[in-house]
A.B. asks: 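One structure, pasted below without further comment.
Letters A, B, ... mirror the listed sequences (proteins, then strands); counts begin at 1. Model, not experiment: these values are computed from the prediction.
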Amino acid sequence: MKIVVAVKQVPARDVQAELVPSGDWIDESGLSFEMNEPDAYALEAALRLRESAGGEVVAVSAGPERVQSVLREALAKGADRAIHLAADGDAARGLDPAVNAALLERAVREEQPELVLTGLQSDDTGSGQTGVVLAARLGWPHATLVMAIEPGQGEVRVKRELEGGWYQHMRLPLPAVLTIQSGISRLRYATLMGIKRARTKEIRRLEAPPEAAGGLRLAGLALPRRSRQTQFLEGPPAEQAAQLVEKLRFEARVL
Amino acid sequence: MSGILAILERGAGGWHRMSFEALAGALELGRATGEPVTVCVPAADAGAAAAEAAAWGAAVIALEHEALSLYAADAWIAALEPLIRELGPAWVVLPHTYQTRDFAPALAARFGRVLMGDCTGFAIEEGRPVFERQLFQGKLIGRFLFETEAPNFVSFQAGAFRAARPAGAAAPVTVRRAEIEPARIRQRPEPPFREAVQAVDLASVERIVAVGRGIGDEGNLELARELAAALNAELAASRPICDNGWLPMDRQVGSSGQTVAPKLYLALGISGAIQHVVGMKGSGCIVAVNRDPQAPIFEIADYGIVGDLFEVTPALIEELRRSKETA
């Protein structure tokens, strides 16, 4: 089975988000970037499908030059090939799911895979729509929050997560787009051999299509407002602990 | 194009609790923009539920078809697309449920639109609504405008609006049959199921110690267990901990896990992404221990300790033991 996996590069989780002086985006200069974690699970699912059913895994990422590092990582973990959809400016921020989907559509139409997998959402913008909008643009069926994939003849049977501990199985004809819930399986690490091999694998570059506008405009960024007045406890740990126990007992009265 | 169409979620198990929060959001958007609100309840049999929804005072359309009994994205899109074309609303408002996340982006795409998903609120600026949603795991709030013509699609996050009690006279209910060709539904859904009986009902416990990514390693859970024992609390976790298999899924708090409201919720190394926060923000007293002073969990905490949980937790266990001896 030929599978395209869409991976996004996002700022590392523990980054301090500082705004640029104009205030309209975060300052990316000092940031470290990593593979969006839900997409790492999508890659894992694709690699496991290939191991059980054969085929090919093509990793795709849209963004500026730096996204090639997540493609290299995908190749090191076992992806066969990679495609970099070169995008800069607003398109590279990945804020608009329609723009993301239009970029990915370009690669998917060229590759004609049977399955497209991607994470259920991204850790930076969290819109959770790119896979679904991509499916809509391609005219393919989709399923979101997928926890397990059983390949069948011309179809897949997936297990979807619903809310509150409920699940559902669903059959979909191929080709289809699936967005993968985290925790579907243990993530693998790239081996030294994999990293070596990745150097010789192809990353093809495709220019982003010129159209692609979704219609959402970022009007501003702000730091979150505190909904409760947090009392911060200062001092060395023993002192913080003593203050907290005191407050929990006599102020909050929960001990 | 005018008016607001609120699409509520009614499943086999009854109303999704976020439905009426989304309706409250739609009514508030209606007050702010002067647009009337119409409610749509897609269901196999919406009868009594539609009448219940009408108690909020907005006209209700019960959109019925047997293909809406088991959820499939194509069925919902087939039911709603013609209705939206016919009514021509300025806004389509939905609860940001898992079901909405599955079908609404594709529904919006049919209109060449993008869903503004997961919104936590809106404000009117220069005469038009500006919607707020979290970015970077809650570290920043993005304020967004639509640049497209109607219809524009918005979904509201859990807790964005309080589901008020219905007031005033019941509005009329219209029952319609949705035009769905079952042969065109590509997804073949099977009935929902639960994996296992939940061993712990976190919803009814008084104290919870919850751990997140900051715990670092499975072996470090012992420290959290000791603290939980010292507090007479149950141990819970955010999603990544359960994904790693370090704790069973029934200990997970958040939108894909349990919703809890204990007297005391002590969060160790939890950053506070919205998927977790929606499951625990109803707690009476929230304590957060985190190295990152920017962690969004501090926005909702009553008491915050910015520090290393591996230093703070042992100190806390020690202090609790000491204070028990002297109590």
A.B. asks: What part of Leu120(A) lies closer than 4.5 angstrom to a heavy atom of chain B: side chain, backbone, both or neither?
C.D. replies: side chain
A.B. asks: Of the backbone (N, CA, C, O) and the side chain (C-beta and beyond), which part of Gln229(A) lies under 4.5 Å from a heavy atom of chain B, both, or neither?
C.D. replies: backbone
A.B. asks: Charged N to carboxylate O below 4.0 Å: is that the case for Glu155(A) and Arg188(B)?
C.D. replies: no
A.B. asks: Out of Arg101(B), Lys263(B), Gln294(B), return the one with the most heavy atom pairs under 4.5 angstrom to chain A.
C.D. replies: Gln294(B)
A.B. asks: Using heavy-atom distances under 4.5 Å, tell me whether Ala73(B) contacts chain A through its side chain, its backbone, both, or neither.
C.D. replies: side chain
A.B. asks: Checking heavy atoms, do the side chain of Ile286(B), its backbone, both or neither come under 4.5 Å from chain A?
C.D. replies: both
A.B. asks: Show your working on side-chain contact (heavy atoms from CB on, under 4.5 Å) between Glu34(A) and Val70(A) and close with a plain yes or no.
C.D. replies: CA-CA 7 Å; Glu34(A) 62 190 17; Val70(A) 297; over 6 Å; no
A.B. asks: Between Arg291(B), Arg110(B), Glu132(B), which has the largest tally of heavy atom pairs under 4.5 Å with chain A?
C.D. replies: Glu132(B)
A.B. asks: Between Pro236(A) and chain B, which part of the residue has a heavy atom less than 4.5 Å away: side chain, backbone, both or neither?
C.D. replies: neither
A.B. asks: Please state whether the side chain, the backbone, both or neither of Leu244(A) comes within less than 4.5 Å of a heavy atom of chain B.
C.D. replies: side chain
A.B. asks: Between Val289(B) and chain A, with a heavy-atom cut-off of 4.5 Å, which part of the residue counts as in contact: side chain, backbone, both or neither?
C.D. replies: neither
A.B. asks: Which region of Asn244(B), side chain (C-beta onward) or backbone (N, CA, C, O), has a non-hydrogen atom less than 4.5 Å from a non-hydrogen atom of chain A, or is it both or neither?
C.D. replies: both
A.B. asks: Output yes when Arg322(B) and Glu319(B) qualify as a salt bridge under the 4.0 Å nitrogen-oxygen rule, no when they do not.
C.D. replies: yes
A.B. asks: By a 4.5 Å heavy-atom criterion (distance strictly below it), what part of Ala241(A) contacts chain B: side chain, backbone, both, or neither?
C.D. replies: both
A.B. asks: Once you measure the plane-to-plane angle for Phe131(B) and Phe146(B), does it fall in the parallel (<30°), tilted (30-60°) or perpendicular (>60°) bin?
C.D. replies: perpendicular
A.B. asks: So does Arg13(A) pair up with Asp123(A), basic N to acidic O under 4.0 Å?
C.D. replies: yes
A.B. asks: Salt bridge check: are Asp39(A) and Lys8(A) linked by an N-O gap of less than 4.0 Å?
C.D. replies: no
A.B. asks: Below 4.5 Å, heavy-atom pairs only: which of Ala242(A), Gly126(A), Ala238(A) has the largest tally toward chain B?
C.D. replies: Ala242(A)
A.B. asks: I'd like to know if Glu161(A) pairs up with Arg239(B) as an ion pair, taking the criterion as any Lys NZ or Arg NE/NH1/NH2 lying under 4.0 Å from an Asp or Glu carboxylate oxygen.
C.D. replies: yes
A.B. asks: What part of Pro296(B) is in contact with chain A, defined as an atom under 4.5 angstrom from a non-hydrogen atom: side chain, backbone, both or neither?
C.D. replies: neither
A.B. asks: Using non-hydrogen atoms only, which part of Asp118(B) is less than 4.5 Å away from chain A: side chain, backbone, both, or neither?
C.D. replies: side chain
A.B. asks: In terms of side-chain geometry, is the basic nitrogen of Glu37(A) or Arg213(B) positioned less than 4.0 Å from the acidic oxygen of its partner?
C.D. replies: yes
A.B. asks: Go through the atoms of Thr259(B) and report whether side chain, backbone, both or neither lie under 4.5 Å from a heavy atom of chain A.
C.D. replies: neither
A.B. asks: Tell me, for Gln134(B) versus chain A, whether the close heavy atoms (under 4.5 Å) come from the side chain, the backbone, both or neither.
C.D. replies: backbone
A.B. asks: Among Val312(B), Ile317(B), Ile300(B), which residue has the highest count of heavy-atom pairs closer than 4.5 Å to chain A?
C.D. replies: Ile300(B)
A.B. asks: With a 4.5 angstrom heavy-atom cut-off, which part of Glu206(B) approaches chain A: side chain, backbone, both or neither?
C.D. replies: neither
A.B. asks: What part of Ala109(B) lies closer than 4.5 angstrom to a heavy atom of chain A: side chain, backbone, both or neither?
C.D. replies: side chain
A.B. asks: Heavy atoms only: give me the nearest Val67(A)-Ala62(A) pair and the separation to one decimal.
C.D. replies: CG1-O, 3.8 Å
A.B. asks: Quick one: which of Ser271(B), Gly142(B), Ala72(B) has the most heavy-atom pairs under 4.5 Å with chain A, could you say?
C.D. replies: Gly142(B)
A.B. asks: Just give me the residue among Glu299(B), Gln275(B), Lys281(B) that pairs up with chain A most often, heavy atom to heavy atom, under 4.5 Å.
C.D. replies: Glu299(B)
A.B. asks: Would you say the side-chain atoms of Thr179(A) pair up with the backbone N or O of Leu145(A), donor to acceptor, closer than 3.5 Å?
C.D. replies: yes
A.B. asks: Working to the nearest 0.5 Å, report the span between CE of Met147(A) and OH of Tyr41(A).
C.D. replies: 10.0 Å
A.B. asks: Under 3.5 Å, is there a donor-acceptor pair between the Gln231(A) and Glu251(A) side chains?
C.D. replies: yes
A.B. asks: Considering only heavy atoms, which portion of Glu239(A) lies under 4.5 Å from any heavy atom of chain B: side chain, backbone, both, or neither?
C.D. replies: neither
A.B. asks: If you count heavy-atom pairs within less than 4.5 Å of chain A, which of Arg207(B), Arg143(B), Gln252(B) leads?
C.D. replies: Arg143(B)
A.B. asks: What part of Trp25(A) lies closer than 4.5 angstrom to a heavy atom of chain B: side chain, backbone, both or neither?
C.D. replies: side chain
